[in-house]
Amino acid sequence: MAGVRVRFAPSPTGALHLGSALTAVANFLFARRAGGEFVLRVDDTDPERSVRRHERTIRQDAEWLGLRFDEGPDEGGPYGPYRQSERMPLYFEHAERLVASDHAYREDGAILLRAPRADIVLHDAARGDVRVAAGAITDFVIVRSDGTATYQLATAVDDHLMAISHVIRGEDHLTNTARQIALSESLGWTAPRYAHTALLVADDGLKLSKRTGAPSLAELRGEGYPPEALLNYLAELSCPVIADGPSLLGALAQRFELRSLSRGQSRFDRGRLDWLSQQHLKRLNSLELARRVGQVLELRGVAWHPAQMTALGEGLKGCQTLVDAADAAEAVLVAPRVPPALDEVSRRAVALFRDVRAGWPEPYLAPVEADDVLVELRRRGEEEGLTARELLHGVRVGLTGREHGVALRYVIAAIERSDALTGRAA
Ligand code: GLU
């Protein structure tokens with residue numbers, strides 16, 4: 001498709017929330033698929049609510065997700081400036097044109113567009129024709145009495161001047177779309193193509209909002225979801241035919257199609273996100289997984305040696321989130337605050353383990369070496385009448401103070417020799 005240009009137009013009034021992120025992802029995948037441009041246009045026409053700090057956060061969150069802007073306030077580009085607050089003269093010029101052609105008129109210092117007399121039929125790329133009845137739209141403000149341009153005017157003008165080919169956004173914008181088409185037509189332009197996605201709602205069908213727990217991207221990142229999983233999840237929400245196991249950007253873009261955008265409602269399904277997260281973490285190579293888990297641990301102030309994380313990387317693969325993985329790693333890296341009290345059998349298991357481990361001089365072991373330790377431990381256990389279960393349970397509780405966790409070979413590999421020989425169990 002030639003000349004595809006789409007835009008993400010966030011208002012910098014707060015963090016990037018899941019609903020806006022979904023819109024951004026849909027636009028980005030569409031641009032990727034078509035080999036077109038993805039533009040960041042900052043919708044800061046409301047000067048009181050727009051904060052530069054939020055613009056930075058939104059951009060960082062979008063980039064963390066893996067989105068890349070081809071044009072924008074920082075990237076520059078041939079259609080700048082990309083902040084609407086810096087484009088006000090352009091909007092006034094067009095408002096004046098509308099007044100001159102009698103499509104708009106002045107009222108108490110404000111300028112209003114005359115509502116269209118006929119129904120507006122918009123050709124939604126996903127839903128087909130959608131008719132907005134003439135009566136649904138009344139005359140509306142395009143320049144406020146304080147002299148600032150409104151969202152409607154700024155958006156219609158910029159979509160045209162920035163040669164935006166497709167506008168993809170939530171269906172809560174349907175009446176805005178009708179207004180913006182009216183504006184474009186009054187200015188003698190052909191409006192871009194429009195496609196609306198289903199609104200994202202909470203599990204219980206209520207609109208996602210701060211109150212009903214609409215998570216921001218930053219919150220989800222804090223909960224340990226990797227960006228690949230969130231990108232994958234949002235892609236599926238915006239275009240359900242994409243769903244096909246864990247997929248990365250290239251494959252998602254390949255499968256994205258405007259005519260299959262979500263309809264009705266998209267429910268925020270935490271279970272699906274958890275599953276995708278687990279699958280994406282599984283697909284990371286152990287070193288990369290270890291690197292990411294190491295970052296979480298650093299934020300918590302938990303110290304680790306690279307050899308420990310290398311040993312653990314593989315053992316953390318079943319974890320659902322990076323936070324779960326960091327919890328599991330922390331349980332190995334940090335000795336229990338209170339040395340675990342052991343029963344007689346477990347005490348014997350720990351004593352045997354120390355004896356065997358003492359024969360290996362290295363401070364840390366590779367998991368395959370830990371396997372050898374386990375083989376020898378079982379042999380010694382057999383001689384002393386301890387079953388494999390008793391041994392493994394005793395050593396795990398002795399070393400970590402817990403009944404469950406990362407497979408024992410990784411625990412044994414990652415715990416420093418001196419720690420295993422002298423510390424931890426009572
Ligand atoms: N700032 C508006 C929003 O975030 C832009 C909508 C649009 O025109 O795409 O909802």
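Just follow the structure's listing: the first ligand is 1, and inside any ligand the first atom is 1.
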Would the distance check show the side chain of [X] and the main-chain N or O of [Y] forming a donor-acceptor pair, the cut-off being under 3.5 Å?
X	Y	value
R87	A154	no
R7	F38	no
S101	L98	yes
R97	L187	yes

Is the closest heavy-atom distance from Y151 to ligand 1 below 4.0 Å?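 Heavy atoms of Y151 do come under 4.0 Å of ligand 1.
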In this structure, does ligand 1 have an atom that sits under 4.0 Å from one of the heavy atoms of R7?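 R7 counts as a contact of ligand 1 under the 4.0 Å cut-off.
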May I ask you to check whether W189 and H94 place their ring centres under 6.0 Å from each other?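 Yes.
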Mark up the atoms of ligand 1 that fall under 4.0 Å of a heavy atom belonging to D43, in ascending order.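 Selected atoms, number and element: 1 (N), 2 (C), 5 (C).
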Of the listed options (G19, A9, A154), which comes nearest to atom 5 (C) of ligand 1 when hydrogens are ignored and any heavy atom counts?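 Comparing heavy atoms across G19, A9, A154, the nearest one to atom 5 (C) of ligand 1 lies in A9.
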Which heavy atom of the protein is the closest neighbour of atom 10 (O) of ligand 1, given with residue, atom name and distance?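 Nearest protein contact, heavy atoms only, for atom 10 (O) of ligand 1 is H173 NE2, 3.0 Å.
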So for ligand 1, is T155 a polar contact partner (N or O within less than 3.5 Å, distance only)?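 Not met; the criterion fails.
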